[in-house]
Amino acid sequence: MKGHAHGKIILIGEHSVVYGHPAIALPFKAGETRCRLETHSEDRITSPFYNGLLNDADETFAPIVLLIRTLRKALGIGPFNHVLESDIPVGAGLGSSAAIAAAIVRAYYASANVSLTDALLFKWVQYSEKNAHDNPSGIDALTVIHDHPWYFTKARKEPLDGRLDAFLVVADSQERTPTRDAVRHVASQQGTYRFNAAMEILSKRVIDSKAAYKDGDLLSLGKAMNQAMEALFSLGLSTKKLDALIKTAKMNGALAAKLSGGGMGGCMIALCENDVTARKVQNALEKNYGTRTWVTRI
Ligand code: MEV
């Protein structure tokens, strides 16, 4: 039996969303994770990131291992060889951990022939995310299981639709910091002037972005994204490589560019008004940094 899930892109509002502020996230359909369950004598994982018995997987896979054990118990099925395939880069801020969890949960429920509501799937993915990092807002869990954008706060989740017609270039910095560490880095600044100022800016710019998204106002959205990036920078979430990718994207015509996801590495997104500019930005990023890129229409 099989399950799958796509990735996610946080357009704006990462980190502040952990503290109850809003954020906007979009499905990242260029990247998908698939899980196939094959009957086996013992639980094992076959994947690009780990091959072996479930019991032998190291700490890095603890959230997946725990999820599988809990699902096995809850549904009373298995053991399985869990064959995982993914074209979402791991640890890059594109929701790979949530997508892996969602694909596994879907495969289990399909195998057990038990119906799975979106609300229950969200709970399972959020359970796995909680094991992966201390304080997940839930935005990743929600976005990887739905096909549309969200305007999200912890308290309220609204599907977002609008008249925006634009392109995003996504570029992988190839640097990695676990989301847990980036979230802790921000948490360590709580109570400082810098933290409070950054939260206020992020919150306001997300509200502006929601209006801009609905009205199809690209310039205002771009302005809000650039200001959000300045706030994320002030919290120490950028890196020299991300700064360089952002500069290159803007020099080649992007209206805005910022990190997306946990930061301190991971991915950069650049907002472009048309396909021609998006391809120009993509070529410049690939030529100068040999980085993996995707172009997606929003
Ligand atoms: C990670 O994709 C986004 C963060 O805001 C953490 C979270 O919302 O759980 C950094």
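Whatever order the structure lists ligands and atoms in, that order sets their numbers, starting from 1. In this chain, numbering begins with 1 at the start of the sequence shown. Given the structure is predicted, the values throughout are model-derived calculations rather than measurements.
- For the 3.5 Å distance criterion, the side chains of Asn274 and Thr277 qualify, holding a donor opposite an acceptor.
- Of the candidates Leu71, Leu120, Ile100, Leu71 is the only one forming a side-chain contact (heavy atoms from CB on, under 4.5 Å) with Val105.
- Atom 6 (C) of ligand 1 has its closest protein heavy atom at Val18 CG2, 3.7 Å.
- Which parts of ligand 1 touch Pro136 is read off a 4.0 Å heavy-atom cut-off, strictly below it: atoms 9 (O).
- Counting heavy atoms from C-beta on, the side chains of Leu142 and Gln126 never come closer than 4.5 Å.
- Environment of NE2 in His4: sparse, with no more than 12 heavy atoms of neighbouring residues, nucleotides or ligands closer than 6.0 Å.
- Contacts with ligand 1 closer than 4.0 Å are made by side-chain heavy atoms of His133 only, the backbone lying farther away.
- Counting heavy atoms only, His15 comes closest to atom 10 (C) of ligand 1 of the residues Gln126, His15, Arg180.
- The protein non-hydrogen atom at the shortest distance from atom 9 (O) of ligand 1 is Ser137 N, 2.8 Å.
- If you number the atoms of ligand 1 from 1 as listed, the ones under 4.0 Å from a heavy atom of Glu14 come out as 5 (O).
- Trp124 and Tyr108 share no side-chain donor-acceptor pair at under 3.5 Å.
- Between Glu230 and Arg205, no side-chain nitrogen of the basic residue sits less than 4.0 Å from a carboxylate oxygen of the acidic one, so the salt-bridge criterion is not met.
- When each atom of ligand 1 is checked for a heavy atom of Lys8 under 4.0 Å away, the hits are 2 (O).
- Within the listing of ligand 1, atoms 8 (O) sit less than 4.0 angstrom from a heavy atom of Ile139.
- For ligand 1, the atoms lying closer than 4.0 Å to a non-hydrogen atom of Val17 are 5 (O), 8 (O).
- For the pair Asp217 and Arg163, the salt-bridge criterion is not met [side-chain N within less than 4.0 Å of a carboxylate O].
- Heavy-atom contacts of Asp140 reach the following atoms of ligand 1: 1 (C), 2 (O) (cutoff under 4.0 Å).
- A salt bridge links Asp275 to Arg279: one of the charged nitrogens lies within less than 4.0 Å of a carboxylate oxygen.
- Nearest protein heavy-atom neighbour of atom 3 (C) of ligand 1: Ile10 CD1, 3.6 Å.
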